Amino acid sequence: MNAANRMSTDQASTLRKLVNTDKPQKGQTPNKRKVRVISVTSGKGGVGKTNITINLAYALSKMGRKVFILDADLGLANIDVLLNISPPFNIEHVLSGEKNINDIIVNGPANIRILPASSGISEMAELDRDEQMKLFRKLSEIDQTMDYLLVDTGAGISSNVLRFNSTADEIMLVVTPEPTSMTDAYSVIKILASKYHIRKFNLIANAVESKAEGRAVYDRLHKVVHDFLQIELRYSGFVLRDPALTKSVRMQKPLLEVFPKAPASKCFMAMAKFLDAQSTTLPALETNTKPTKFWDRLMHWKRKR
Ligand SMILES: Nc1ncnc2c1ncn2[C@@H]1O[C@H](COP(=O)(O)OP(=O)(O)OP(=O)(O)O)[C@@H](O)[C@H]1O
Ligand SMILES: [Mg+2]
């Protein structure tokens with residue numbers, strides 16, 4: 001091959017590389033996917049949000065996805081406790097200017113990336129408007145790409161929780177068969193629908209005795225929100241009540257890591273597969289693997305009265 005031919009072949013391959021940046025390599029996450037920002041929330045507290053966030057993140061990571069967890073329960077941070085990690089720095093250090101947002105990200109089990117919250121700020125409301133703006137601007141400076149950003153919110157309808165739920169791409173509402181969990185979930189849906197025009201919700205039935213009970217929880221809530229609010233409630237699956245989960249909490253490790261064969265572990269795996277399968281059918285796949293629009297929405301969010 002002469003020099004001119006070699007040059008044009010090299011040039012062609014360079015051009016091909018430039019054009020084909022989206023082409024997935026073997027074993028690599030195809031990056032022609034849109035990052036999915038999913039808030040994990042509930043009406044009633046203590047229904048399993050943090051454990052679901054951690055185990056879904058773990059399962060998705062094991063499937064080769066790059067997963068971030070944002071501990072949005074600012075002030076009552078639980079993710080680090082449940083994973084037995086002591087992040088040296090958190091969002092507070094970013095706000096004070098001591099640290100860059102990229103410096104506080106910690107790697108958890110299965111290489112889940114965690115954005116540690118602070119235990120010093122008891123509520124977002126305690127941050128003044130300028131500090132809130134600063135925090136969201138800093139979050140948008142995260143320079144890593146991701147497939148999933150799971151946002152573990154607090155329970156209820158505080159401004160902070162409403163903010164994360166109404167700005168996420170998808171909402172996962174965690175409900176147990178307890179009547180108060182169901183009525184509180186209904187209240188959350190009602191507020192997010194009436195004030196923030198959210199029309200789609202996903203339900204996870206947690207701590208159920210059987211697959212049938214999970215379905216029954218979904219059917220009951222679905223009927224009410226459909227009849228009274230004309231809302232689409234989709235079923236994301238169920239997690240069995242499992243003593244192994246309680247044990248994993250005491251061990252401060254993800255259930256999937258310590259008891260991968262436990263009944264609830266199988267539920268988490270099935271749910272992660274179901275969730276991830278939706279990614280390939282999502283319309284208008286973008287090459288954007290940073291949640292730029294989400295950070296932007298967070299920054300410009302206003303509470304509606
Ligand atoms: N599927 C399950 N099987 C058995 N126990 C469970 C299950 N899910 C949750 N629990 C129990 O509920 C407790 C609370 O779970 P978790 O901390 O995940 O709830 P949460 O919704 O994040 O709470 P908070 O509202 O305080 O943030 C766990 O420590 C565990 O003991
Ligand atoms: Mg929690």
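Reckoned from all heavy atoms, side chains included, excluding hydrogens, waters and symmetry mates. Model, not experiment: these values are computed from the prediction. The residues of the chain are indexed from 1 along the displayed sequence. Remember, it's 1-based here, ligands and their atoms both numbered in the order they're listed.
In the model, Arg163 has a side-chain atom that pairs as donor or acceptor with a side-chain atom of Gln132 under 3.5 Å. Residues Thr176 and Asn206 have side chains that never bring a donor and an acceptor to within less than 3.5 angstrom of each other. Residues Ser39 and Thr153 have side chains that never bring a donor and an acceptor to within less than 3.5 angstrom of each other. Judged purely by distance below 3.5 Å, without hydrogens or angles, the side chains of Ser61 and Asn111 never pair a donor atom with an acceptor atom.
Every atom of ligand 1 with a heavy atom of Gly45 under 4.0 Å away is listed here by number and element: 25 (O). Each of the atoms 1 (N), 3 (N) of ligand 1 lies under 4.0 Å from some heavy atom of Arg241.
Looking at Glu232 and Arg199, no side-chain N of the basic residue comes within less than 4.0 Å of a carboxylate O on the acidic one, giving no salt bridge. By the 4.0 Å N-to-carboxylate-O rule, Lys200 lies too far from Glu170 to be salt-bridged with it. Remark: Lys223 engages Asp227 in a salt bridge, criterion side-chain N to carboxylate O under 4.0 Å. Arg215 has a carboxylate O that lies under 4.0 Å from a charged side-chain N of Asp219, or vice versa, which qualifies the two as a salt bridge. Ionic pairing of Arg65 and Asp276 is present here: one or more N-O contacts between side-chain nitrogen and carboxylate oxygen are shorter than 4.0 angstrom.
Of all the listed residues (Asn51, Leu240, Val249), Leu240 holds the heavy atom that lies closest to atom 2 (C) of ligand 1.
At a 3.5 angstrom cut-off on N or O pairs, Gly46 counts as close to ligand 1. Annotation: Ser42 places no N or O atom under 3.5 Å from an N or O atom of ligand 1; distance criterion only. Taking distance alone, with nitrogen or oxygen atoms compared against 3.5 Å, Thr50 approaches ligand 1 more closely than that limit. Considering backbone and side-chain atoms together, Val47 places an N or O closer than 3.5 Å to an N or O of ligand 1.
By the 4.5 Å heavy-atom criterion applied to side chains, Asp80 and Ile114 are not counted as neighbours. Using a 4.5 Å heavy-atom cutoff, the side chains of Lys66 and Tyr148 are not in contact.
From the protein, the heavy atom lying nearest to atom 3 (N) of ligand 1 is Asp242 N, 2.9 Å. The shortest contact between atom 7 (C) of ligand 1 and any protein heavy atom is with Leu245 CD2, 3.6 Å. Annotation: atom 31 (O) of ligand 1 to nearest protein heavy atom, Thr246 CG2, 3.8 Å. Annotation: atom 19 (O) of ligand 1 to nearest protein heavy atom, Gly48 N, 3.0 Å. Among protein heavy atoms, the minimum distance from atom 8 (N) of ligand 1 is reached at Asn206 ND2, 2.9 Å. Looking only at heavy atoms of the protein, atom 20 (P) of ligand 1 is closest to Lys49 N, 3.4 Å.
Not a single heavy atom of Ile52 lies less than 4.0 angstrom from ligand 1.
Near the Mg ion (ligand 2), less than 2.8 Å away, sit the protein N, O or S atoms Thr50 OG1.
Closest non-hydrogen pair, Pro254 versus Ser248, comes out as C-CB, 4.3 Å.
Applying the side chain to side chain donor-acceptor pair (under 3.5 Å) criterion to Glu98, with sequence neighbours excluded, gives Ser96.
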